[in-house]
Structure formats: structure tokens, C-alpha cells
Amino acid sequence: MMKKNVIYYFTLLVFFSYHHDSIAQSQVRNNSLVLNKATPKQLKEYDSFFVENHKRHINDLVELIAIPTMSMKPENRPELKKAADLLKDMLHTIGMDNTEVFFTNELPVVTASYTRNKRQPTILFYGHFDVQPVNEERWKSDPFSAQIRDERLYGRGATDDKGPIIALISAIEGLIKVDGKLPVNIKLLLDGGEEMGSPHLPIWLASNQEWLSDIDFGVSVDAMMNNDNQGMMWKGLRGAADLEVTITSANTDLHSGIYGGVAPNAALAASKVIASLWNNDGIIAIKGFYDGLRQYSEKERKEIAAVVDQDQQAKDLKKFGIDQWIGEREYSFYERPWIRTSVDITGFKAGYIQGKASIIPHTAWFRMLARTGPDHDPKEVLEMLKKHVKDSLPWGLKVDFKESVMGTAPVFDESDLGFRIGKQVLTDFFGTPPIILYIGGTVPALSSIPDGGGPNLVSVGFQRSDENFHADNEYMRIESFKKGQRIYVNLLHAFVNQLNE
């Protein structure tokens, strides 16, 4: 059986020039790497297909965006099912086999397969169709009624991650329509719970080991490119863990006139606990907190410094109206969010906030999100945070926790076959090597799928950092969508005969 953990960053494939009527093999070698490529005739026919069906493909995306798939809202679970069923029907229509929808803990996974090429590898494609919440008052147009303005399609999920999913589906359709088949085997796993940490995915993976058993490579379409003229490959991401803290001081709110000055205030207690977690530089104040992190060599740190914009930190201070950056001064502006662990308060509730109320709050709630660096176990981080909260809680108050781990920090090997193929593909497509860097975000599937018995996943996508994903007025460049279609077509050709003994 072919090796499983062989892929990381498979990225954008390219238009190559060849003179055969079938799949041609590149004669250009890069460290003994031979890439398989589509013929000029095929590329022309693919391009014609995408041009002729562009409006329909964009309409497919508009239809998917119209479904408010906010997974973190329980009342939206019917919308998740609706979107899952829509994707299942799309995949069946274009010729994929075994299209199914599975629900685990009320969250959906859509799967499909095409495994007719017994002598070719099988590639897993991953994407997610759930989205972040919206504040509609801050949007210039309805976030769930996509609009095109200045060659940009605005709508929640346009770039993260519904646009890439539809680009992939339309690319698969183009291959089947033009060639009558796919050049390799593929399986799709579309996730309806990524934005809340994919808590259902490890459970589903554990129950579907046979489905995973024949997969050789993996690709995540929830990924980025650097700009119009350069691709991007992720060297690593951070893991994530979430902790909800509820502090209780009494069995009811109390009158601040009668009990003010004698009754413990839950909001004050929570504030004291939170303040004790960080020192004045914004560094976690827990002794030994950073001990579990991977230590990077001077060479590795120089490699990180070589790919960054040294002016970005000054630009961002001005852009966001921030006076100064915080954190570990011995690490650079980029190293802190890329390879170090951070903890942030992402929500706080206490007391009455709709108007004036003369009360002493008896409960306070806050949420912490830890972004964990390489080798830093998210479970250990949660235990340290919980212990600190308990130890610093004043006045004998009660505390309850609710926790979840969303994944560990994956780091990818640039000598891996998949990474090498992706790098060469991107280089050929854009005419320049891709930028290779860490990012501070988390894609839970990039750790949970290989941990659950599947392949490592290379990130191949066309999202751009300025497209407001997770923010107001999210959009996707139409031109990027077109590139994505062609990228995924060529990417599939690149896998031909890439068998690992």
C-alpha cells in the first residue's frame, strides 16, 4: 500500500506547453522530480468550458452563500443540512460517486468519491462550508445575498470557504466533461463545522477508517495565495484550544445599596483573575507556561525573517490605530503570532448592560482562546489556564469550566514529495517561487485528519489576506476564482503517476 503521510502543500498547478493529445509527461526535472501535465489541447478545452459556464458556476456560489451556515448558532442547524444537501446534489450532478451527508453531534460532513483509476493515487480534498457570524448593520449589502461590485463578489463565505469549494467542484466538472474522466482518484470531505473548531470531525474520522484507508495525498482548499503574481505555501500553523469560565459568587444578583461593600462581586472577581494572567508586556504570567514550545534554531529564525515585510508592523499600527505591539520582546513581530503561543479574552459577560441597574452581579462569564505554537500541547495549555484561574480566584468563589481542543500546530516538511510538487507547480504557474511562511491561524482538519488516520494536507487556495474573511463585507475576487478553477484542474494532472513505494 502506498504511504499515507506524504503530502503537505500541494498548490496551484499551471498551464504547460506540450505536443501530445493525451496527458503528457514533463521533461523538465527539478531534483529528479517529474511533473505530469495536461496537453495544450486539453488546457484550451478546459478554458473554453470555464468561460462558457462561468455565469452558472458563479450562480452556484451565490446559491450556496444564500444559506446562512453559521455553525456556532444552534438555530442554524437546519441551514447546515440544507447546504450539505445542496453540495451533495452538486457533486452527484457533475459525476461524483457515493455522495453522502453524515451528521455527527448535529454537525454535517459531505463526502463523495471517484475511484475508477486503480493504477493512480487517491487524493483527498478538504474544505468547509460553514461561516462566521455577521453584523448586518456593518455590511454594505446583504451578507447572504451575494453582490458583484468592481469584479468582487461580496457575501459571507465568499472567500472563506465557499468560493474555493465551488471552484474545486467546477474544476472537477470541467475535467469530467472535457476528458470523460478524472486523471486520478479523488475523495471529497466538506466540513460543516470548521468555524467552531470541527469538534465532530475526529469522531467521524474514527468511525470511517475504511473510507480513509486508500487515500495517498491530501489537499485543503481553505488556503491562500500571496498576491496576483505569487502563490503561497504554509510551512506551519498554530493549534487552538478554547476555555469558557463561569464564576459564581451568590445564588442571585444583590442590591448594591444594601450589600455594596460586603458582598463579593463576580464581575470584579473575574476582572482580577483576567488581569493576573498577563504581565504589563502582555506576556502570560503563568510560571513555565512557554516551556512546552518548540525552540527554533537561529537558522530557522533567519529563514522566517527572510520572507516577511519588515515594514508591516509599522503599517499595521497605523492601519488599526494601535499605539504599540505587545508580547515577548525577544521574538519578532511575526514570530510571536506564528510560532509562539498566545491567549486572548474573546468574550466577557457580567451584570446588566442594557441600562442602569443598581446590582452586584452574582455571575461572570468569559472565554479564552489559546493559539498554540509547535509542540505546545493544547490540553496542557488548558490545564495550566484552569489551574491559574482556580489559584487566583478570590473570596472563595465558585468556578466552572467548559473546554474544547481544536487541533495541534502542524509543521510541514519541505523535503516531502507533496511539498516539492506543490512548490514546483506554483513556481511554474506564477513564474516565481511561492512564498513559504507560517501563519498564526488554525485549520483544525490539518491536524485532525492525519491524526485520525488520513493523509497530511497541503494547503492549495486563492484566498487573499485583504478579503475580510471573519470580518464585515467579506468578498472574493472574481479573477481569483477563475485562477482557482484552472489551478485545481492542473493540480489533479500533477498527481498522475505520483506513486510512493
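The basis for the numbers below is simple: all heavy atoms, side chains too, and nothing from hydrogens, waters or symmetry mates. Position 1 is the first residue of the sequence, and the numbers go up from there.
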Do the side chains of [Y] and [X] get nearer than 4.5 Å, heavy atoms only?
X: Val101; Y: Lys81; result: no
X: Leu153; Y: Ile478; result: yes
X: Ile487; Y: Phe429; result: yes
X: Arg149; Y: Ser141; result: yes
X: Ile165; Y: Leu61; result: no
X: Leu205; Y: Leu212; result: yes
X: Arg464; Y: Thr159; result: no
X: Tyr46; Y: Gln485; result: no

May I ask you to decide if the ring planes of [X] and [Y] are parallel, tilted or perpendicular, using 30° and 60° as cut-offs?
X: Phe481; Y: Phe462; result: perpendicular
X: His57; Y: Phe49; result: tilted
X: Phe333; Y: Trp325; result: tilted

Report yes or no: is the cationic atom of Arg486 (NZ for Lys, CZ for Arg) under 6.0 Å from the centre of the six-membered ring of Tyr488, at an angle within 45° of the ring normal? no
Looking at Tyr331, is Arg336 sitting on its ring face, NZ or CZ under 6.0 Å from the six-membered ring centre and within 45 degrees of the normal? no
Just one of Glu136, Glu474, Glu467 clears the salt bridge (charged side-chain N to carboxylate O under 4.0 Å, His left out) bar with Arg156, so which one?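 Among Glu136, Glu474, Glu467, the one meeting salt bridge (charged side-chain N to carboxylate O under 4.0 Å, His left out) with Arg156 is Glu474.
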Under the salt bridge (charged side-chain N to carboxylate O under 4.0 Å, His left out) rule, collect the residues that match up with Arg56, sequence neighbours excluded.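 Only Glu173 meet the salt bridge (charged side-chain N to carboxylate O under 4.0 Å, His left out) criterion with Arg56.
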Step-by-step salt bridge (charged side-chain N to carboxylate O under 4.0 Å, His left out) determination, Glu151 to Arg477: CA-CA 6 Å; Glu151 289 303 301; Arg477 290 172 170 84; over 6 Å; no
Among Thr111, Thr122, Asp214, side chain to side chain donor-acceptor pair (under 3.5 Å) partner for Lys187: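 Per the side chain to side chain donor-acceptor pair (under 3.5 Å) rule, the option paired with Lys187 is Asp214, out of Thr111, Thr122, Asp214.
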What I want to find out is whether Lys41 reaches Glu45 closely enough, with some N-O distance under 4.0 Å, to be called a salt bridge.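 Yes, Lys41 and Glu45 are salt-bridged.
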So, for Phe412 and Phe419, is the gap between ring centers shorter than 6.0 Å?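 Centroid distance Phe412-Phe419: not below 6.0 Å, so no.
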